[in-house]
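The model shown is predicted, which means the values in this text are computed figures rather than measured ones.
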Amino acid sequence: MELDPKSLNPSDRYKLLIGSVVPRPIAFVSSLSSAGVVNLAPFSYFNAVGHKPLALMFSVSKKPDGSDKDTILNVRPVSAGGLGEYVINLAVSSYVQQVAEAAEPLPHSESEFDYLELTQAPSKLVAPPRVAESPVAFECKTIQIVPVGEFTMVIGEVVHMFIRDDLVDDRYHVDTDKLGAVGRLAGYDYCHIRDRFTIPNGFSAEKKAALKQSQ
Ligand SMILES: Cc1cc2nc3c(=O)[nH]c(=O)nc-3n(C[C@H](O)[C@H](O)[C@H](O)COP(=O)(O)O)c2cc1C
C-alpha cells in the first residue's frame, strides 16, 4: 500500500514508525533539575550523530498537556533555564525492567532513583550522575536543541565516556555479546542482539574482477 503520512492520524503514524524503524537503541538519560533532583528516563528515538565530534541525539515528545517533559527542562542550555548537561546510559538486558519502569511520569520534584533499584555513580565532567549498573555511559553537553514540530531533538557532544573494563580491548573494540544492549521494537517489545552476521563493505574481489572483465 502507499501511504501519505499527513493523511494518517498521529497514533497510526506512530505505530508504522516504531514497527518499521527497528531495533532502536535506548538512551537511559540521567539529568538534573535546577532544584537538584536527579531525573531518569528512557528514549528510543535515539542514535549516533557522528564522531567528529563524538555526538549523540535523542528526541522527545511533549507531555499530554503540551508541556515539556522533565528531561527537556533539565537538558536545555543554561540560557534557556536548564543545566545543558546530562548522561546517556546505555540500556542493557541486566536492568531493562528498571528502564521500562522509569517511563512512569513522576512530578518534576521526584526522582525515579527513589523508586528503582538502581545506583547513582558520580560523573567526571558533568553534574548529573551516571547509572552505576550501566556498562556504558556518555557524559554529554547539549550543543543544539532542534524543535521538530511537537518533538524536541537534543544533540549533545560526549565530553567523557565510561565503559566497563571487561567490555573493551586495548584497540577500543567493544565486545558486543558481553555488552548485552537491548533494542526497542513496537509496543512493549524489546530485543537482544544475538543473531549476528558479517558482510564486508563494497564489492567482493570476485565481483570486482568480473566487472573488470566485462568492461
Ligand atoms: C523503552 C522506552 C523508550 C521511550 N522512548 C521515548 C522517546 O524516544 N521519546 C519520548 O518522548 N518518550 C519516550 N518514552 C517515554 C518516556 O520515557 C516517558 O515519557 C518519561 O516519563 C519521560 O520522562 P521525563 O518526564 O522524566 O523526561 C519511552 C519509554 C520507554 C519505556
Practice problem: Quick one: closest heavy-atom pair of R171 and D169, and the distance? | Solution: N-OD1, 2.8 Å
Quiz item: How far apart are the C-alpha atoms of D177 and R196, what are their side-chain angles, what is the distance that settles it, and do they pass the salt bridge (Lys or Arg N to Asp or Glu O under 4.0 Å) test?
Solution: CA-CA 10 Å; D177 291 331; R196 208 143 35 93; 3.0 Å; yes
Exercise. Report the C-alpha distance between L40 and L116 in whole Å, list the side-chain angles of each, state the deciding distance to 0.1 Å, and finish with yes or no for side chain to side chain contact (heavy atoms under 4.5 Å, CB included).
Key: CA-CA 10 Å; L40 205 49; L116 303 171; 4.3 Å; yes
Exercise. Return the minimal non-hydrogen interatomic distance between L90 and A181, and the atom names on each side.
Key: CD2-CB, 4.2 Å
Quiz item: Is there side-chain contact between V136 and L179, with heavy atoms separated by less than 4.5 Å?
Solution: yes
Quiz item: Do I26 and V92 share a hydrophobic cluster (ILVMFWY, side-chain heavy atoms under 4.5 Å, transitive)?
Solution: yes
Quiz item: Do the side chain of S134 and the main chain of A137 share a donor and acceptor less than 3.5 angstrom apart?
Solution: no
Quiz item: Any chance CG of D4 has more than 12 other-residue heavy atoms, nucleotides or ligands included, within less than 6.0 Å?
Solution: yes
Quiz item: Less than 4.5 Å apart, any side-chain heavy atom of V146 and any of T152?
Solution: no
Quiz item: What's the shortest heavy-atom distance between K178 and L167, and which atoms?
Solution: CB-CD2, 3.5 Å
Quiz item: Considering only heavy atoms from C-beta outward, does the side chain of L106 approach that of E104 to under 4.5 Å?
Solution: yes
Practice problem: Show the numbers, then the answer: is there a side chain to side chain contact (heavy atoms under 4.5 Å, CB included) between M161 and E139? | Solution: CA-CA 6 Å; M161 182 180 172; E139 295 183 20; over 6 Å; no
Quiz prompt | Exercise: identify the closest heavy-atom pair between S123 and R130 | solution = OG-N, 3.4 Å
Quiz item: Can you name the ring pair (Phe, Tyr, Trp, His ring centres under 6.0 Å) partners of F58, sequence neighbours left out?
Solution: F43, Y86
Quiz prompt | Check against side chain to side chain contact (heavy atoms under 4.5 Å, CB included), I145 and M153 | solution = CA-CA 6 Å; I145 297 278; M153 180 166 74; over 6 Å; no
Practice problem: Kindly compute the distance separating CG (N9) from CG (D12), expressed to the nearest 0.5 Å. | Solution: 4.0 Å
Exercise. Give the cluster check for Y14 versus V21: same hydrophobic cluster or not, with ILVMFWY residues linked at side-chain heavy-atom distances below 4.5 Å.
Key: yes
Quiz item: Mind checking whether V78 and V154 sit in one hydrophobic cluster, side chains of I, L, V, M, F, W, Y counted as touching below 4.5 Å?
Solution: no
Quiz item: Where is the tightest heavy-atom contact between E133 and Y95, given as atom of each residue plus distance?
Solution: O-CE2, 3.7 Å
Quiz item: Is K62 atom NZ crowded by more than 12 heavy atoms from other residues, nucleotides or ligands, each under 6.0 Å away?
Solution: yes
Practice problem: For the residue pair S61 and K69, confirm or rule out a side-chain donor-acceptor distance under 3.5 Å. | Solution: yes
Quiz item: Hey, are N74 and S31 close enough side-chain-wise for a donor-acceptor pair under 3.5 Å?
Solution: yes
Quiz item: Taking atom types as modelled, is there a side-chain donor on S30 or N89 under 3.5 Å from an acceptor on the other?
Solution: yes
Quiz item: Do E110 and Y115 have a side chain donor and acceptor closer than 3.5 Å?
Solution: yes
Quiz prompt | Which atom of F28 lies closest to which atom of Q98, heavy atoms considered | solution = CZ-O, 4.1 Å
Quiz item: Quick one: CG on D165 to CD1 on I163, what's the gap to the nearest 0.5 Å?
Solution: 9.5 Å
Quiz item: For A55, does its backbone N or O pair with a side-chain atom of E157 as donor and acceptor, under 3.5 Å?
Solution: no
Quiz item: What distance separates R24 CZ from C191 SG, expressed to the nearest 0.5 Å?
Solution: 9.5 Å
Practice problem: Could you grab the distance from atom CG of L118 to atom CD of E101, nearest 0.5 Å is fine? | Solution: 9.0 Å
Self-check item: Approximate separation, where rounding is to 0.5 Å, of S67 OG and L73 CG
Solution: 7.5 Å
Exercise. Carefully, step by step, assess F162 and F138 under the rule ring pair (Phe, Tyr, Trp, His ring centres under 6.0 Å).
Key: CA-CA 6 Å; F162 166 84; F138 298 101; over 10 Å; no
Quiz item: For F151, does the CZ atom sit with more than 12 other heavy atoms under 6.0 Å from it, leaving out its own atoms?
Solution: yes
Quiz item: Given N47 and L56, is the side chain to side chain contact (heavy atoms under 4.5 Å, CB included) satisfied, shown in steps?
Solution: CA-CA 6 Å; N47 226 304; L56 297 167; over 6 Å; no
Quiz item: Is the CG atom of D65 crowded by more than 12 outside heavy atoms at less than 6.0 Å?
Solution: yes
Self-check item: Donor-acceptor pair between T142 and E85 side chains, under 3.5 angstrom
Solution: no
Quiz item: How long is the span from the CG atom in N39 to the CG atom in D70, to the nearest 0.5 Å?
Solution: 4.5 Å
